[in-house]
Engineer: 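Submitted below is the structure of interest, expressed as structure tokens.
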Amino acid sequence: MSALAASGALPRASLLQFHVTEDKAVNLKTARSKIEESLSGGGGGEKPKLLVLPEVWNSPYATSAFTEYAEELPSVEKGEDMMGSESAKMLSEAAKEFEVFIVGGSVPEREGEDIYNTCMVFNPAGVLVAKHRKVHLFDIDVPGGISFKESDTLTAGGDLLTTFETGDRLFGTVGVGICYDIRFPEMALLLTKERDVSMICLPGAFNMTTGPAHWELLQRARAVDCQAYVLTASPARATDEMLEKVKKEGKFPPYTAWGHSTAVNPWGEVIGTCNEGEAIVEVEIDMRKSKEMKTNIPTALQKRSDLYKVDVEA
Ligand SMILES: NC(=O)CC(=O)C(=O)O
């Protein structure tokens, strides 16, 4: 029995929100130091057992940057070969050193001619246990608000359901999505139906148009739909000074992230959140709450599959 289980304490998870710059080396350093900071404890309490990093943390969030910053990433099947990826290496080493699950945000991934927006998950032994390529690309045009077209340089992932196991003493089965994926309830419902997830982690980077309107709403909606915890981590919003610098250099179009990394419980309550600046949001997770919801409000059993279906191709 682990010390955690013996103490009866609930496992904790942390959302890491930090600034992303145009300098990959700086981003790697920042991510590593935030991982360390989130585990430094201080209060003598239990350390988090799972960390979530933001969407696209090693590169500017700009379609024109993705190709330049992309790395070849390891595959779950090939095991420990990190393919020379600095980002994978840093995440794997940190997961092993601190004995923590790391949902590694996302980074641009190169495979042949294709670039994906990819989340890697490492277990406490530093082993890559899941890899999710953003399935729904962020192609939107909101007049007077925001236009963005990930498909200009990205290819959509083809594997809908990504999950990894943490065990019943921690967070059970955890699902993974990336940002825009959260807008597709069918994907979240299938994570529940096919994999019975207790938690879904979604690195994301909403913006100043959709963030205030939809970010928290979607997280609470998916948490209630799936009767599971929903955890998101965003980059910190660039300061005016940082935005000025990006504009002046003119290399990539600036993107203003909404921030507000958030955790929602299966009842739909926000249990941890922050504003737009750098932050570490630490929350307690009680996966029995997911089971309770599924028992007390058994929507999964009550679906009228004779009238409609949420289905996935084998
Ligand atoms: N950045 C995204 O993928 C999604 C987003 O900002 C939105 O859906 O809004």
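Every value quoted in this text rests on a predicted model; they were computed, and no experiment measured them. Ligands are counted one by one from 1 in listed order, and the atoms in each one are counted from 1 as well.
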Engineer: Distance-only criterion, 3.5 Å: show the donor-acceptor pairs between side-chain atoms of residues 170-177 and protein atoms not counting sequence neighbours.
Structural biologist:
| unit_1 | atom_1 | unit_2 | atom_2 | d |
| --- | --- | --- | --- | --- |
| T173 | OG1 | E165 | OE1 | 2.8 |
| T173 | OG1 | E165 | OE2 | 3.2 |

Engineer: May I have the step-by-step check of side chain to side chain contact (heavy atoms under 4.5 Å, CB included) for M120 and V107, ending in yes or no?
Structural biologist: CA-CA 9 Å; M120 295 174 281; V107 297; 4.1 Å; yes

Engineer: For ligand 1, what are the residues with a heavy-atom contact below 4.0 Å?
Structural biologist: E55, Y61, K134, F138, C179, Y180, R183, A205, F206, N207, T210, Y255

Engineer: Is the closest side-chain donor-acceptor distance between T30 and N27 under 3.5 Å?
Structural biologist: no

Engineer: When you compare the side chains of N296 and E292, does any donor N or O come within less than 3.5 Å of an acceptor on the partner?
Structural biologist: no

Engineer: Taking all non-hydrogen atoms of both residues into account, name the closest pair between H260 and Q17 and its distance.
Structural biologist: N-OE1, 3.2 Å

Engineer: For the side chain to side chain contact (heavy atoms under 4.5 Å, CB included) test, which of T63, I115, D114 pairs with T153?
Structural biologist: T63

